Amino acid sequence: MKRYALVTGASRGIGRAIAIELAKDGCSILLNYKSNRAAAEEAKRLIEEAGGEAELMPFDVSQPDAINAALDAWFAAHPNDYIDVLVNNAGIRKDGLMVFMTDEDWHDVLSSATDGFFYTTRRVLQGMLYAHRGRIVNITSIAGIYGTQGQANYSAAKAAVIGATKALSKEMAARNITVNAVAPGYITTDMTADLDVAELKKTIPAGRLGTPEEVAHLVSFLCSDKTSYITGQVISVAGGLG
């Protein structure tokens with residue numbers, strides 16, 4: 001049976017690398033994006049050039065009606081299939097000291113990460129439970145483990161997803177559905193493009209930023225049949241930082 005993998009926020013950066021890696025593993029990719037269709041089309045092209053399959057699935061992960069509409073349409077067109085792999089990757093940053101942080105900055109970041117995880121996972125779990133099999137990987141951050149100055153909203157959002165990962169893993173363990181989290185450190189993506197890389201490198205034991213592909217390799221492993229007894233874990237990809 002064909003394995004389908006939904007990757008949210010898959011048009012760029014870590015999400016794109018994960019989508020490409022899972023396609024190499026034989027998954028047919030449901031490539032989610034919010035608004036940047038050109039970037040999503042490019043990710044789809046790269047997957048297909050590598051011999052994989054992908055289809056675009058645009059929706060805003062913070063909007064439950066949009067999620068349900070997109071997934072209901074997909075399930076209606078695939079009555080005998082289910083989504084075997086879910087990678088909750090979508091998220092945004094709106095950094096600033098908490099004393100100056102606006103309500104919008106706080107809620108937008110939490111909504112993207114925590115609401116996105118909840119709404120998307122709740123809908124996809126239905127098929128996994130019926131099939132008695134599934135792999136869920138939540139992309140969090142070392143900010144959610146240790147906290148990062150100037151990122152109280154982002155740290156809170158990622159910490160919440162870590163807690164939800166551990167709770168959901170216990171709910172699903174007897175049903176052959178694993179739930180794990182991957183916590184990247186500083187990775188070379190658009191989200192780190194505005195940071196002082198030279199100064200960052202001084203704080204990282206490995207002396208460099210990571211690559212999206214290094215995160216994707218771990219996600220690939222956690223989504224494989226080799227990890228049926230690994231669940232509820234939070235694994236950092238951070239070059240020794242933390």
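Here the structure is a predicted model, which is why all the values come from computation and not from measurement.
- Under a 4.0 Å N-O distance rule, the pair E48/R45 does not qualify as a salt bridge.
- Follow the hydrophobic side-chain contacts under 4.5 Å out from L168 and you reach L129 in the same cluster.
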Indicate every side-chain donor-acceptor pair of residues 177-186 with a distance under 3.5 Å to a residue at least two apart or in another chain.
| residue | atom | partner | partner atom | Å |
| --- | --- | --- | --- | --- |
| N180 | OD1 | G232 | N | 3.2 |
| N180 | OD1 | Q233 | N | 2.9 |
| N180 | ND2 | I230 | O | 3.0 |

Report all side-chain donor-acceptor pairs from residues 7-21 shorter than 3.5 Å, counting only partners two or more places apart or in another chain.
| residue | atom | partner | partner atom | Å |
| --- | --- | --- | --- | --- |
| T8 | OG1 | N89 | N | 2.8 |
| T8 | OG1 | A90 | N | 3.0 |
| R12 | NH1 | D190 | OD2 | 3.1 |
| R16 | NE | S11 | O | 2.9 |
| R16 | NH2 | S11 | O | 2.8 |
| R16 | NH2 | A39 | O | 3.1 |

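- R135 has no carboxylate O lying under 4.0 Å from a charged side-chain N of D84, or vice versa, which leaves the two without a salt bridge.
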Would T140 and N138 count as a side chain to side chain donor-acceptor pair (under 3.5 Å) here? Give the steps. CA-CA 6 Å; T140 59; N138 302 314; over 6 Å; no
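- Remark: K44 does not engage E41 in a salt bridge, criterion side-chain N to carboxylate O under 4.0 Å.
- Using a 4.0 Å cut-off between a side-chain N of Lys or Arg and a carboxylate O of Asp or Glu, K94 and D108 qualify as a salt bridge.
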Check step by step if side chain to side chain donor-acceptor pair (under 3.5 Å) holds for N88 and T121. CA-CA 8 Å; N88 289 300; T121 304; 3.0 Å; yes
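- Residue D196 qualifies as enclosed at atom CG: its count of foreign heavy atoms under 6.0 Å is above 12.
- A salt bridge between R123 and D72 is present, with a side-chain N of the basic residue lying under 4.0 Å from a carboxylate O of the acidic one.
- None of F75, Y82, W74 except one satisfies the ring-ring contact (aromatic ring centres under 6.0 Å, His included) rule with H78; the exception is W74.
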